[in-house]
Structures are given as structure tokens and as C-alpha cells.
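The structure appears right after this line, and notes come after that.
Note that the structure is predicted; figures quoted are calculated from it, not measured. In what follows, chains carry the letters A, B, and so on, assigned in the order in which the sequence lines appear, proteins first and then strands, with residues in each chain numbered from 1.
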Amino acid sequence: MQLTREELLEAYRTMKKIREFETRVNAEAQAGRVPGSTHLYSGQEAVAVGVCMALEDSDYIVSTHRGHGHSIAKGCDVAGMIAEILGKETGTCHGKGGSMHIADFDVGMLGANGIVGGGPPLACGAALSAKTLKSGAVSVAFSGDGAFNQGTTAESLNLAMVWKLPVIFVIEDNGWGEATSAEFAVAGNIIERAKGYGMRAEKVDGLSVSDVYESMRQAVEYARAGNGPTLLHITTERFFGHFNGDVDTYRSDAHKADQRKNRDCLVRFRQTLISGELLSAGELDEADSAIVTEIDVAVVAARAAKEPDPSTLTTDVYVDYE
Amino acid sequence: MQLTREELLEAYRTMKKIREFETRVNAEAQAGRVPGSTHLYSGQEAVAVGVCMALEDSDYIVSTHRGHGHSIAKGCDVAGMIAEILGKETGTCHGKGGSMHIADFDVGMLGANGIVGGGPPLACGAALSAKTLKSGAVSVAFSGDGAFNQGTTAESLNLAMVWKLPVIFVIEDNGWGEATSAEFAVAGNIIERAKGYGMRAEKVDGLSVSDVYESMRQAVEYARAGNGPTLLHITTERFFGHFNGDVDTYRSDAHKADQRKNRDCLVRFRQTLISGELLSAGELDEADSAIVTEIDVAVVAARAAKEPDPSTLTTDVYVDYE
Amino acid sequence: MSKKSFRAALNEALHQEMAADERVIVIGEDITGGVGGDGVADAWGGAFGVTKGLLGAYGPDRVLDTPITESSFVGAAAGAALTGLRPVVEIMFVDFIGVCLDQVMNQAAKFRYMFGGKTTCPMVLRATFGSGARSASQHSQALYPLFTHIPGLKVVVPSNPSDAKGLLIESIRDDDPVIFLEHKLLYDKIGEVPDGVYAIPLGEARVLREGKDATVFAYGRMVDRAEEAANVLARDGIKVSVVDPRTTSPLDTETILEFAEETGRVVIADEASPRCGMAADISALIAEEAFDALKAPILKVTPPHTPVPYAPSLEEAYMPDAARIADAVRRTMKYQLSVK
Amino acid sequence: MSKKSFRAALNEALHQEMAADERVIVIGEDITGGVGGDGVADAWGGAFGVTKGLLGAYGPDRVLDTPITESSFVGAAAGAALTGLRPVVEIMFVDFIGVCLDQVMNQAAKFRYMFGGKTTCPMVLRATFGSGARSASQHSQALYPLFTHIPGLKVVVPSNPSDAKGLLIESIRDDDPVIFLEHKLLYDKIGEVPDGVYAIPLGEARVLREGKDATVFAYGRMVDRAEEAANVLARDGIKVSVVDPRTTSPLDTETILEFAEETGRVVIADEASPRCGMAADISALIAEEAFDALKAPILKVTPPHTPVPYAPSLEEAYMPDAARIADAVRRTMKYQLSVK
Ligand SMILES: Cc1ncc(C[n+]2csc(CCOP(=O)(O)OP(=O)(O)O)c2C)c(N)n1
Ligand SMILES: Cc1ncc(C[n+]2csc(CCOP(=O)(O)OP(=O)(O)O)c2C)c(N)n1
Ligand SMILES: [Mg+2]
Ligand SMILES: [Mg+2]
């Protein structure tokens, strides 16, 4: 399906927003202003954006520890996100969650997750709500190649088939789970493993946002029509180390340079847009600078925001906690 | 590979021993002499026997809640087993374990297991010992069709491939997990699911003890040669309800009658032996009556045995517990 | 009001809440039983028959059987609770929490807090617990101390049919995740149970009897045994209060402290393992907040720190009985405070 | 004897035991780090660097990286322990026990008992724990009360480098399953650590200082804070004993009771959640067995019953500090026993 100019520009904007956001988070972290650690999404933008472009606000996503990109693509407010990461009361979770627990129920973002494999069962549950309440919504479980091995993921694939749930399993295969390669850790083949459950499954080039979008669009259509789940095995690139403190010596410098040079989904998309005369360099530059400004404003505001008041330590444990 | 007369007779004996044991356990239960509940193995004898015939004493098996057959086939003493099931101090576990926790380390039976899916990780561990200590042993994880869905099983298939372990996953597919059919609960196909991990996998007719033995023999050879795991998907029949108190109304009487009449592995084996002139009816009858006597002696002794002394309540929690 | 079993009372609670609120769904292994078979449907209605009949009344969209994959379906209940449903999910034996604790401990329990109060997770996890059924080590644990330890969870341990019904209705209506634990030896217990719909607030103890000599606190199946002990003691002129806090979290600290203060002598009879258990929890509460009133050491009557054994002779010795409770009360009565 | 970090002390313990006993193997995620990459091998040596260098010394057959599947590899450790090996298995954060508790609680912990004493399961499960690193709710829990509750497990919570080494060596040699918990903020703590091989028995408390006015019991990172509090109090002439029981199971009840009896005033400072926690456990022990000697309520200093928050302002308020411990001691000192 052909994307309009506006849709392409929006996709570019969101990818750029994620990239810029992560660049600034990394800078804040290096300056010692991020209290915890963060897992940067840079390099994988085409996945989050291609996936979420195919979704409505009323659809659900369940994210991972590497959740900034998913959150932004699903429509979370970046000002709240950066404030959350800096541990401020203006943060998305009022400072209680931090980078790994960003959630925004208004846009169907059901939460990042610090537990590898924690998300797929929850995504099945959201899909069950959609099915039971006949809302027509679909639900997406983002998982990494590492998370794909967790028993919870395997169980969820089975449950989704048994209950015929409108859920899409998006496996973002960046080749690594922390410092362990997928080549070592993932036996066999992700697509074959999904097909073993009788599940519709497709391999997708995660460097192409339009490929991701198109595969996702079909999966959503399939799910909304009541046909059940799909698994998308999307190959992608993790530019940084596993977390902001990881020096990443297990990958050669040559590998990392090559990644940035030849396998950058944002650069590729920009080139495609320009060479295909879909958008001009000027238009894209303009988008870029608007985003840089937006993120900068957000960062400055987050720095200035107050830390949560210690009296809030014991609130929101229970609905009726005193 | 051709089995000798002696081997065939031994296989028959063991199958009969399991059948007779279960018949007596059931009778004891109905008479109110079994304190807990038990899961009868009747109908599945060809699986346990075919599998264990291909193993040495030094090989390991990890069993399930339905473990009597596996235990007997691996060489556990039936007198100890029945005493254990009756909760006596002469039992295999001195009355502490009961039906679901029979184990005998001297014959490589690492334990029945009350947790569905509890066994496969343990079997990987036993295989790891064999590999690390270069003992040449292999390890077998028995699991039901229901247990096959558990995340622990999926993780174990992956781990066995990643670590190239000498482990054999024996999936005993009796079509039911309690009152839920495998048709409902197992999405896709067990063999395809195993192959998704790149694992050697084979479907086997569990009504034929020689088919089971032959497939198992090859899997053991493959594992001992250092090639890694195999999964055997063995179809079989559960004659009784899920446990001794299950009235089993979810299967029609016709189905159950047909099972007993046409899909009894013991009857089939006997017929094959006789019609193939491998063993005579007389020889088999003789074996039968020896077994009936052996089990009867065991039951009578178990009934007469003492209950464990309450002072043993707190022993064997720790090696050095006081 | 009519006589009903604990099982029937729970079943009635489920029926009434499912009838009243479409968002209530029930999930679990064999909670109907017979899916895919050629025999009768709803053959089991749960391993202990608690969900029997729901399938017929509310259909397979709201009464969902599952594969044997607790992590995925307990997690699905949590995810459904985040998105508009009010699932009641069953794990057959609480011992099975080992395969799915993450979805309870790190997901359901923590959502509201981690997300800064932005959501609720109104789910109920039902499970049987307890020793006495000769089910051995992996099917007999109490385990409510584990859940009580985890902030974000509420934990209910009813001791009789009418409480079971009212507490389950309240649990379903509660907006926080609730762990609802049913002692397997109580299912056949009969009691007067109101026919109508009623809810019993979580965190309110039930006082079974008041006596000024000592107080016995007990949950679940221990409540009957405490009553039994109280009857025996009454014959000797010892008057004890028996208090069933009914929920371990929230805990009715007010009532507990009031009785501890009034009687000054306290025995806690609990079936859970002793270390970091509920008996210790209540004892420590009293030792900190009602110390002044104490006339004797706080005595805990619990099983030993061992797994649950199979053989009847051992399991009977494992579980605290009325004699042990009465004996503890007698010991606390005899205790003379030395001058400090 | 030389100065070493807590991390280095643990690493040394692993090296020494692996050198001494071929059956000792190490299993875990990224415990080498870099498998399948084109960069350097043993790049991580564990998420916190504790296993660094083992790969080079003992090779990939004894130092095993894993997929992210805790149930399978923790269970594999248990299975290996049943069959001749002595595995040390690492789960990166103790919070992850949620995905693999069954293999610990229902398998490893219960084998010996269920099987009637016929086997041993000599495995060590290592994990980091604790708050203070801004790791939020799913990566900051203490959780040792969960393990302490489970019969069949031993639980070790070291507070300093030399204890860490001696206790880890003992844990590896112990024939029962041991949960060995390392506070993540202690890894860089430096202390004198003997270079040779030594083992510290499990179940023996360490007395850091003796003072007759009150006793503070503390584990892990709370031990330093208790010492800090004791120093502050000393300036005011209040002399407290500080006792680190070092293991929660077995518990050195003898030393605990001795100090409770001697000082009559007790404060328990603990980082675990309060309900059914270690502070409650120790308090209840004392309230039952040393009641006679008590001169004041037993005070617990713990975090509130909430998940661990992310923001520094909240997390600092969450974790008990020296000021709160000192304050509790002062409150217990002021307490005057009323005549009963
Ligand atoms: C249950 C659990 N085990 C281990 C971890 C530690 N951990 C955090 S992220 C990660 C790697 C995940 O790899 P993958 O799923 O491929 O996602 P990626 O980091 O590549 O995005 C690990 C092991 C965890 N958070 N939860
Ligand atoms: C973790 C866990 N969930 C549920 C159960 C209850 N249960 C015991 S046996 C069983 C069915 C197992 O089915 P299958 O694996 O096919 O073995 P079968 O009974 O057919 O031999 C169930 C659900 C359990 N023991 N453990
Ligand atoms: Mg990855
Ligand atoms: Mg089955």
C-alpha cells in the first residue's frame, strides 16, 4: 500500500524524534544526570515506527526494557518521558518508574518492562480484552531476539493460537541479548519456531520502515478480521552497547562502524525519500530542526523540574492505600 | 535392530508388571488404602518400556506426575513403590514423597514430579553432568502433551540445542492434559515445534513397543555420539481418568471401550509375539502369573508395613538439619 | 440464608458477579473441562468444582479454559485487567505459583506504582492451598507469606463459607490485584450463607469469640482448630478470644492490637511455614506496638520448617492441631512476668 | 591478607573452588559475555564482573553462558547438582526469581525431603539484590524473606568482602541448595580479605561491636548503616551492639537471643519489605524466646510496604538510613517499662 507524502514525512519525523531523543538521553547520562541506566533504541527506529504507523491510538502495545522508541512511536509525550528518565515529578510516571517503566494508557502504551519476556503474556491479555469487549483493537508484543527464547514468549505464542487472539508478536532481532549473540542463544529459526505453532509468520527487513509498515498492516488486518495472531521476525541493528554503561567490546570496531555507515535505517529512509523525490532535503532538514528544538525544550524543562516529593513514596501502591 | 527372545520377553514382562501394578494401585485406592491420589499409567506401557530398554542403568530419566510406569521400566523396586504409595516407612522415599515423588538414584530414576513441566530443565542438567564429566550417559525427559506447552519445556528444547546436550525429550501424547484435550491445547504440531529449534524429531507409534525402542535406540546413539538432543513425539492412550478420582465423563463410553478393545499396547504386543511365533501363549501366561504373584507379595507387605515414625518429620530437610 | 458448602458459596459469588458485571471473566485450567472431547462439556468445572456451571451460564467467551501454561494465562489476566476486564484467574494449587510468580510479583503487583498511579489492575488470582489432603510437598503449601511480603498485592484467606462468598465478591470488585486462597480441606465445609449479594471489606478481622484470658489469632483451616482449642480450654475455665483476620494484606492491625492489648497473652496458630511467615508477622507487629500490654511471650504455633510430607502419620504431625494450640494457651497462661 | 573489593573477593572464591574441585561449574547469562561476537571474549564476566577471568582459567565446558531462560538453566543447575556436579548458577537480579522460582522452591529445595533423604542438591544460586542503584521496582528488591520462608534452602546475605569470600566458599561446599545474595552497592566496597582459602560456616553471626545498652541486628548493606548509627550514638554515650547474622537460614538464633537477653533492647534494621520480612522474623523469635529479658518494644526499621521507586528523592526515602536506625535506638532507650 502506498504511503502519502504526509505519512512518509510523519514516519521520518518520528524516526528522527526517536534518534534525537536517544542522543540526548545518552548525553544526559554521560553528564551524570540520569539516575539509573537506560537501554538506547538507536538503530532500530524503523521497527517501532513501521509497527506503530499501522496502529490506532486504541490499539495496544506492550514494550520492553528498550522501550523509548516504542513509546515515542505510539505517541507518548517526549517531555514526560525525559522528565521520567531524569527522575522528576513531571515525568510520565511521576518519577516512580524511570526509563524501564514508561507507560501511557491514553495512547495504548501499556508499559515498558524490566523483565525479559514479561510482556508477551500481557499483550495476550490486552488482545483478550479487545476480543471479549469486541472493541476491534489489536495488541502488539515487542520482544527482542533474547526475549524470544523465554518460556513466557513460547507460552504466549501457543495461547494466542489456542484463543485465536488479535495479537502481533514483533520480534526485534538486533542480533544480541546483552553481550550474548542471537547466533549462540537462539536455536533453530525464529520463523520456523512460530510456524511450529501453526502461526502466520513473516521475516521482515527492519532497516526499511516501509517494509515493516506493510507487513504490519497486513498482520493488523488479519488480526482485526478475527483470524488470530501473526509473528513478525524483524531484523535490525543496535547501535549502542546493551545499556548506556556498556563499553561493548564484544563487537569489533569494524562491525560497529559498518553498522553506522551501511545499516542505518534513518539514513536509508532519508536517502530513499530524497532519491525517490518524495520529500526534499530541505523539507527533511526543516523537520530535523523542529525536532531538535522540541527535544531540547523538553530536556531543559526536565532538568529544571522538581524531584518528586518524598511524601509520594507510599502513594499509588494500592488504589485505596493510606 | 532385531530384539532377542529374551529381550522381547523382558519387554513383555515389564509392560505386564506396570499394568498389574497399576491395577493393584487402583484397587488399593478404591479400597481407601492410598492416602493421596495417583495418576495411573495403564495404556502407556509401551512407551516407558520401549524408552527404558534403550537405556543403561547409568543413564538418567526424569519423570512426571504419571511416573509409576517410568519408574518400573527404569528398574525401581515395586515393593518400595507400593509401600511408598501407601505411605509406609518401607517406601522408596520412606513415606515422605508418595506417588508423585518416587525416585531411585541407583537406577538413574531422578524422580517423578508434581509440577507439569518441572522435569525438562532437570533432564538438561543431568545431561550436562554427563557431558561435563564425560560419563557417556544420556538423559531422558518424559513429558505429556500438556507439559509440552509449558515454557520450561520450550526453554529446555532451546537450551539442549545451544549446549548440545545428550538429552532425549520423550513427549507422551495421550491426547489429554487432565480434562483438556491436546487438540485444544497444543497449537500447531509437536514435531514442527521441535524442528523449529533445529532439533532432530520423530513421531512414533506408542502402541508398538518395538517402534518406540527402535526410535529411542537411534536417539540414544545420536546423543552418545555427541550430536545433541532428539525429540520423540510418541502417541499413546490413557486408559483411566486423569487421576484415580476422575470419573472421566469428558470422553464417551464408546471412546473408552474402543481404546481398551483396539488400542491396548499390551494386548497388541502379546498378539504380535504369539502370532509371530516369537513367544508362546504358555510362556507369556507363565510370565503373567509370576508377575501377579510378585506384585501381590509387594502389596501385602506394604499393607503390613509401619507408617513412618512422626519423629522423622523433620529429618532430611537439610543434610545437616538438627 | 441457607446452608451451603464453602465450594458452593464461592460458586455463587462467581455467578452473581458474572451476572452483574460483563467485565468479569474466568480463566484457568480445566475450569470447564472436556474441551475437545466427545463426552460431556463442563465435565470438571475446575479441579475442585468451584467454577462448575459458569460455562453454561456465561459461555466460552467469558469462561476460558487454557493450556497448562500458567505464566501466559496469569499474565494474560493481568494484561486484560489493565485494559478493561476484571478477570478471575485460577491456578489449581498455589504451589504452582513457582512457574508464574513474575506475572504476579513484578507485573500485576507493581503496575500501579511503577506507572505513577496511572492504572489499576483489578484481577483476582484464586488458588487452593494447604496441607491435610496427603498431596505431598509440591501440592500442600500455604505460601500466603510470599504474597503478603509483596507490596501491591492483597491477600485473602477465608475460613468459612459465608466469609468466602462475601470476600470473593469484594475481591472481584476491588481495583487492586487480589490473591484469594482456598484451603482444599474447607471446600466441603457447610455453613449458613446469605443468598443475596454481599461484600465483606478486605482488612476487617472477624471476632469469633471474646474471652479475656488470651487471644488466639488464626487463618483458614486453623480457625476451626482454634475454636476447638477454645472449647477445650473453656472447660478448664480459660476464656480465650479467637480472631480471624481473614486477610493477611491489608492486615487489620487495629483489631489485632486491640485484642493483644486487652488480653495481654497471645497465641498465633498458623499453617504456613514458620520462617518469615504470618505468625511471625503478627507477632512482630504486637511486639512493637502492644508491648506494654504483654503479660507473656507471644507464642507461635506453626508447622516445623520442613516441606509437607506425604504419609498420614507425618502429615498429621506436621499440621498444628487443637491440642497444640490449647497447650500453647496454657503455657502462656502459666507464664509469670518476672520483674524487669 | 590484602585489600580487595567485595567483587574481587567473590571472584577469588570462585577461582579457588573451581581450581580445587573439578565438579564446580558456573552457569549464567553473560557470565563470560561476547559469545558469537567478533570482539573480545569474556567481555563482561557477568553483568557485575564477578565471574570475570573464569572462562580463561577453566574453559567453556565449566563456564557456561546461557540463553535468557532462567527456568531452564536454573533447573539445569539443580539437575546437574543431583548427578555429580556442584553448579554455581547466577541470575543477574534476584528480582528475576519470578520467572524460575519453581525450580528453586519446588525442585531443588524439596528433592532431599521428598525423596526420603536419598539425594543431595549441592548448588549455589547467586544473585544481586537491593535498592539504591536507581534501578526501580523490578530490579531493586531484596526478596530474601521469600527464600527464607522455603524449607530446604539456605540463604546467605554477606555484608563485607571477607565474609563474602568465606561464605561463598562454604556455600559451594555445602551439600544443600544455597541462595547467595550480593547487594549491588557493596561490589565496590573494599576490605581486608585473606588470600588463602577459608570457609565461614553458615548460621554463625558476626558480632561487629558489643555495647550493653541495645542491640542492632542488620544484614547486607544495612550493616554499615547500623555501624554508622552506632558511631553516632556512641558520641551520646549510648553503647550498642551490632550483630550481622550473615545468613537468614539457618539463623544463628543462639547469638541473637544472647544479645537480645543481654541488652534487653532490640532494633532490627532491614532492607527487605516489612511484611513477613526478616525484621519480623527476628522480632518474633525474640518475642517468643527472650521475652523475659525485654525492656522495650522490639523496633523494626525497614522500608515501607511499597515497591522500590526510581527517583533518587524517593529511593533515598525508601531505604532505612543511619539516622532512622539511631532514632529507633533512641526511642527504645527512652522507653520505660510500665508495671504490668
Ligand atoms: C527475566 C530477565 N532475565 C534477564 C534480564 C537481564 N536483561 C535485560 S535486557 C537483556 C537482554 C535482552 O535481549 P533482547 O531480548 O534481545 O533485547 P535487546 O536488549 O536486544 O533489545 C537481559 C538479559 C532481565 N531483565 N529479565
Ligand atoms: C505447573 C502445573 N500446572 C498444573 C498442574 C496440574 N496438573 C497435573 S497433571 C496435569 C495434566 C498434565 O497433562 P500431560 O502433560 O499431558 O500429562 P498426562 O497427565 O496426560 O500424563 C495438570 C494440569 C501441575 N501439576 N503443575
Ligand atoms: Mg536483542
Ligand atoms: Mg497428556
Side-chain angles (χ1 to χ4, degrees), chain A residues 60 62 84 89 91-98 100-106 108 110-115 117-133 135 137 139 150-160 162-163 165 308 312 315-322, chain C residues 22-23 25 27 35 60-62 64-87 89 99-100 102-103 105-123 151-154 174-178 201-203 249-250:
Chain A
Y60 303 112
V62 172
E84 186 61 32
E89 71 171 15
T92 321
C93 310
H94 306 303
K96 277 183 174 143
M100 263 193 297
H101 306 298
I102 287 169
D104 186 345
F105 291 79
D106 292 338
L110 303 185
N113 207 311
I115 302 298
L122 302 170
C124 286
L128 179 64
S129 283
K131 191 181 174 190
T132 309
L133 300 170
S135 71
S139 157
Q150 276 285 27
T152 51
T153 309
E155 291 184 5
S156 298
L157 298 185
N158 190 60
L159 189 68
V162 168
W163 282 352
L165 295 174
T312 63
T315 58
D316 294 326
V317 181
Y318 296 96
V319 173
D320 55 3
Y321 196 87
E322 295 132 34
Chain C
E22 281 208 319
R23 299 168 304 171
I25 63 168
I27 298 174
V35 203
D61 280 356
R62 291 179 62 200
L64 292 108
D65 277 299
T66 69
I68 310 170
T69 55
E70 285 84 358
S71 270
S72 74
F73 70 75
V74 170
L82 283 181
T83 49
L85 295 177
R86 305 185 78 85
V89 61
V99 302
C100 60
D102 183 70
Q103 292 294 330
M105 173 174 86
N106 287 327
Q107 312 297 339
K110 295 182 172 47
F111 284 147
R112 185 172 174 76
Y113 192 80
M114 292 190 303
F115 299 156
K118 284 201 182 154
T119 191
T120 58
C121 187
M123 67 181 274
L153 299 179
K154 292 176 174 171
D174 196 288
D175 277 332
D176 291 311
V178 177
L202 308 187
S249 182

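Heavy atoms of C:Asp61 lying under 4.5 Å from chain A belong to its backbone as well as its side chain. Using a 4.5 Å cut-off between heavy atoms, C:Phe111 touches chain A through its side chain atoms alone. Contacts between C:Asp175 and chain A at a heavy-atom distance below 4.5 Å involve backbone atoms as well as side-chain atoms. Of the two parts of A:Thr92, the backbone and the side chain both hold a non-hydrogen atom closer than 4.5 Å to a non-hydrogen atom of chain C. Only the side chain of A:Leu133 comes within contact range of chain C, judged by heavy atoms closer than 4.5 Å. Within the 4.5 angstrom heavy-atom criterion, atoms from both the backbone and the side chain of A:Ser156 approach chain C. Heavy atoms closer than 4.5 Å to chain C are found nowhere in A:Asp106, neither backbone nor side chain. Heavy-atom distances place no part of C:Ile68 under 4.5 Å from chain A, backbone and side chain included. With a 4.5 angstrom heavy-atom cutoff, C:Glu70 touches chain A only via backbone atoms. Both the backbone and the side chain of C:Lys154 come within contact range of chain A, judged by heavy atoms closer than 4.5 Å.
The nearest pair of heavy atoms linking C:Pro67 to A:Val162 is CG-CG2, 4.0 Å. When all heavy atoms of A:Trp163 and C:Asp65 are compared, the pair lying nearest together is NE1-O, 2.9 Å. The two residues C:Asp102 and A:Gly118 have their closest heavy-atom pair at OD2-CA, 4.4 Å.
With hydrogens and angles ignored, the 3.5 Å screen pairs a side-chain donor or acceptor of C:Asp176 with a backbone N or O of A:Val319. Of the possible polar contacts, one joining the C:Arg86 side chain to the C:Asp174 backbone as a donor-acceptor pair under 3.5 Å is found. Between the side chain of C:Ser72 and the backbone N or O of A:Pro121, no donor-acceptor pair lies under 3.5 Å.
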The test is side-chain contact (heavy atoms from CB on, under 4.5 Å); show your working for A:Phe105 and C:Leu82 and say whether it passes. CA-CA 9 Å; A:Phe105 291 79; C:Leu82 283 181; 4.0 Å; yes

Go through A:Lys96 and A:Thr315 one step at a time and tell me if the side-chain hydrogen bond (donor to acceptor under 3.5 Å, both in side chains) criterion holds. CA-CA 10 Å; A:Lys96 277 183 174 143; A:Thr315 58; 2.9 Å; yes

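In terms of heavy-atom pairs under 4.5 Å with chain A, the best-connected choice from C:Ala81, C:Gly117, C:Ala109 is C:Gly117. Highest contact tally toward chain A, considering only C:Ile27, C:Leu153, C:Thr120, C:Val74, is held by C:Leu153 [criterion: heavy-atom pairs under 4.5 Å].
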